[in-house]
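The figures that follow rest on heavy atoms only: side chains count, while hydrogens, waters and symmetry mates do not. The structure presented is a predicted model; accordingly, all values stated were derived computationally and were not measured. Letters A, B, ... are given to chains in the order of the sequence lines, protein chains preceding strands, and every chain is numbered from 1.
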Amino acid sequence: MLPPKDSFSEWYHELIQQAEIMDIRYPVKGLYVWLPFGFKIRQLVYSKLREILDRDHQEVYFPTLIPEDMLMKESEHIKGFEDEVYWVTHGGLEPLEVKLALRPTSETAIYPMFKLWIRSHADLPIKIYQIVNVFRYETKHTRPLIRLREVTSFKEAHTAHRTYEEAEEQVKSAIEIYKEFYDFLIIPYLIFKRPEWDKFPGADYTIAFDTLMPDGRTLQIGTVHNLADNFAKTFDIKYETPEGDHAYVHQTCYGISERCIASLIAIHGDDLGLILPFEVAPVQIVIIPILYKGKEEGVLELSRRLYERLKNFRVVLDESDERPGAKYYKWELKGVPIRFEIGPKEYENDEVVVSFRDERRKFRVKFDEVSDDLILKWAKEMRERLRSRAIESVKGKVVFCESLDDVAKSVEGRRLALVHVCEKCERELESYGSVLGQMQEKPDWLNVELEGECVVCRGKGYLVGVAKTY
RNA sequence: GGGGCCGUAGGGUAGCCUGGUUAUCCUCCCGGCUUUGGGAGCCGGUGACCCGAGUUCAAAUCUCGGCGGCCCCA
């Protein structure tokens with residue numbers, strides 16, 4: 001039994017373990033073990049991310065260790081991270097002459113190499129990415145997949161371009177990539193430009209994707225940074241223009257971590273456990289034979305025939321020695337989208353019983369009608385249902401506010417407050433919650449205006465989000 | 001950043017205040033019988049006092065430190 005999803009913290013904590021996503025008992029704070037089932041979800045989710053990126057990025061791998069002098073080069077950047085860097089100080093018993101940092105992110109590892117790689121305008125643009133672990137000494141509450149000391153699945157892309165405009169185009173392109181990725185996972189998001197005081201250390205500006213967790217707090221699930229030529233100046237990354245001059249490159253970087261999987265779990269799951277979109281479910285179909293004494297043979301024969309027919313999918317035939325009800329609960333907990341039940345009645349009529357994870361009804365189909373096409377049709381229909389459900393759930397937690405009082409009440413009641421404000425007054429909102437920044441585009445499920453009268457000074461304002469955050 | 005609570009089998013717990021027998025109960029796990037259309041039942045079995053130091057004839061229980069976890073507030 002799982003705690004109800006209304007008690008979100010407890011539900012999440014238990015589900016992560018019961019569904020065998022992670023083992024949280026590893027004896028170091030903020031570090032967790034990926035179990036086979038969870039790791040399979042990770043692999044399926046990240047394959048999609050790779051597929052999208054591989055269209056015009058190249059995957060690379062940079063070292064985990066960064067020498068102190070390299071890490072410390074960009075002063076604004078390091079100020080943002082210095083209190084949470086892990087240091088390697090010894091090699092065996094010998095103290096190291098130059099301390100080595102466990103990367104908190106890889107800008108300072110990658111950009112010195114960019115300096116070596118980039119000589120002329122013909123070398124640009126460069127678009128690379130890597131999926132690696134990064135380390136941050138978090139002092140706040142750690143939580144599996146959400147706040148970690150070792151982020152195990154940090155996808156970071158880094159690009160270099162000739163001009164600021166080209167970098168800005170890349171920011172837009174990265175936003176499109178993230179939209180495609182989260183649409184694939186059926187996770188609703190809002191896109192904000194973070195306020196000046198909350199941008200990535202060293203960036204010109206930061207665009208962030210936020211989603212809403214069931215308890216009404218926002219979760220940042222992706223960021224895109226325009227670095228302009230800030231790092232290029234620090235790391236002296238220049239190229240020769242067609243005219244023979246030398247100019248600094250303009251860069252971007254953008255990241256997604258395993259928080260995407262946290263949001264997948266949190267947005268779709270219910271009181272019974274995980275609900276996984278068909279495409280990322282480690283088990284897409286489960287077949288449960290119902291074995292009455294003396295009638296096992298035909299039932300097993302039909303079950304195995306169905307199993308063979310569905311082998312183009314990730315399918316499990318559960319012949320274990322448990323009662324059918326126990327198996328239903330088990331596979332529902334693990335989010336299996338489609339379940340077949342086959343008992344003596346079905347065997348006699350050459351039928352199967354079908355049930356979808358997101359609905360509770362059961363129905364029968366003739367065995368001969370079951371085909372790959374039918375499964376895919378069901379998967380597609382389920383995707384639409386999950387989409388409406390996810391949007392309804394998120395929509396109910398977003399409130400447009402016309403006064404500061406409204407903002408206070410909404411954030412206090414664990415809602416995301418949207419409010420018009422001008423640049424001068426934006427910071428005043430900080431006393432009510434985290435200021436997510438200026439909304440960049442209106443999702444089709446939300447009915448608000450991106451521009452309006454500033455709630456504080458009644459001047460010309462833009463739409464800003466305020467919420468409690470993870 | 002500030003405050004509070006807690007650590008007993010794989011998981012959840014009782015015992016701790018008031019130190020003293022073989023450490024309670026549920027679940028999981030293993031073996032057997034039996035059963036199977038929404039978490040079956042019976043019998044038998046394995047398995048624990050976070051680590052270190054101190055106080056004491058005696059520590060799960062008291063004290064200190066470490067490590068780990070949870071909650072609230074900024």
Can you check each nucleotide of nucleotides 3-9 of chain B against protein heavy atoms at under 4.0 Å and return B for base, S for sugar-phosphate only, - for none, in 5' to 3' order?
-------
Between protein and nucleotides 69-74 of chain B, map the contacts as a letter string: B base, S sugar-phosphate only, - none, heavy atoms under 4.0 Å, written 5' to 3'.
SBB--B
If you only use heavy atoms from C-beta on, which nucleotide in G38(B), G1(B), G37(B) is closest to the side chain of Arg360(A)?
G38(B)
Side chain of Val353(A) only, heavy atoms from C-beta on: which candidate in G38(B), G37(B), G39(B) is closest?
G37(B)
side-chain contact (heavy atoms from CB on, under 4.5 Å) partners of [X], counting only residues at least two apart:
X: Glu94(A); result: none
X: Asp270(A); result: Leu272(A), Ile275(A), Arg357(A)
X: His90(A); result: Pro95(A)

Taking a pair to mean Watson-Crick or G-U wobble geometry with both distances below 3.5 Å, U34(B) pairs with none
Under the side chain to side chain donor-acceptor pair (under 3.5 Å) rule, collect the residues that match up with Tyr462(A), sequence neighbours excluded.
Glu426(A)
Identify, with sequence neighbours excluded, every residue that meets salt bridge (charged side-chain N to carboxylate O under 4.0 Å, His left out) alongside Lys199(A).
Glu196(A)
List for me each residue that meets ring pair (Phe, Tyr, Trp, His ring centres under 6.0 Å) alongside Tyr61(A), sequence neighbours excluded, and say none if there are none.
none
For nucleotides 30-35 of chain B, tabulate all protein N/O to nucleotide N/O atom pairs closer than 3.5 Å, reporting atom names and distance.
residue	atom	partner	partner atom	Å
U35(B)	OP1	Lys293(A)	NZ	3.4
U35(B)	OP2	Lys293(A)	NZ	2.7
U35(B)	O2'	Arg323(A)	NH1	3.0

Rounded to whole angstroms, how far apart are NZ on Lys330(A) and P on C28(B)?
14 Å
Residue pairs, two or more places apart or on separate chains, that pass salt bridge (Lys or Arg N to Asp or Glu O under 4.0 Å) and touch residues 209-224 of chain A:
Arg194(A)-Asp210(A)
Test: salt bridge (Lys or Arg N to Asp or Glu O under 4.0 Å). Region: residues 61-79 of chain A. Which pairs qualify, not counting sequence neighbours?
Glu68(A)-Lys99(A)
Heavy atoms only, 4.0 Å cut-off, all strands: where does Glu332(A) land among base, sugar-phosphate and nothing?
base
Regarding Glu322(A), tell me which of base, sugar-phosphate or nothing describes its non-hydrogen contacts under 4.0 Å with the strands shown.
base
Hey, could you give me each pair passing side chain to side chain donor-acceptor pair (under 3.5 Å) that has a residue in residues 292-302 of chain A? Not counting sequence neighbours.
Glu301(A)-Arg305(A)
Does the gap between the ring centers of Phe313(A) and Phe278(A) come in under 6.0 Å?
yes
For the rings on Phe231(A) and His225(A), is their centre-to-centre separation under 6.0 Å?
no
Between the side-chain atoms of Glu341(A) and the base atoms of G38(B), is any donor-acceptor pair under 3.5 Å?
no
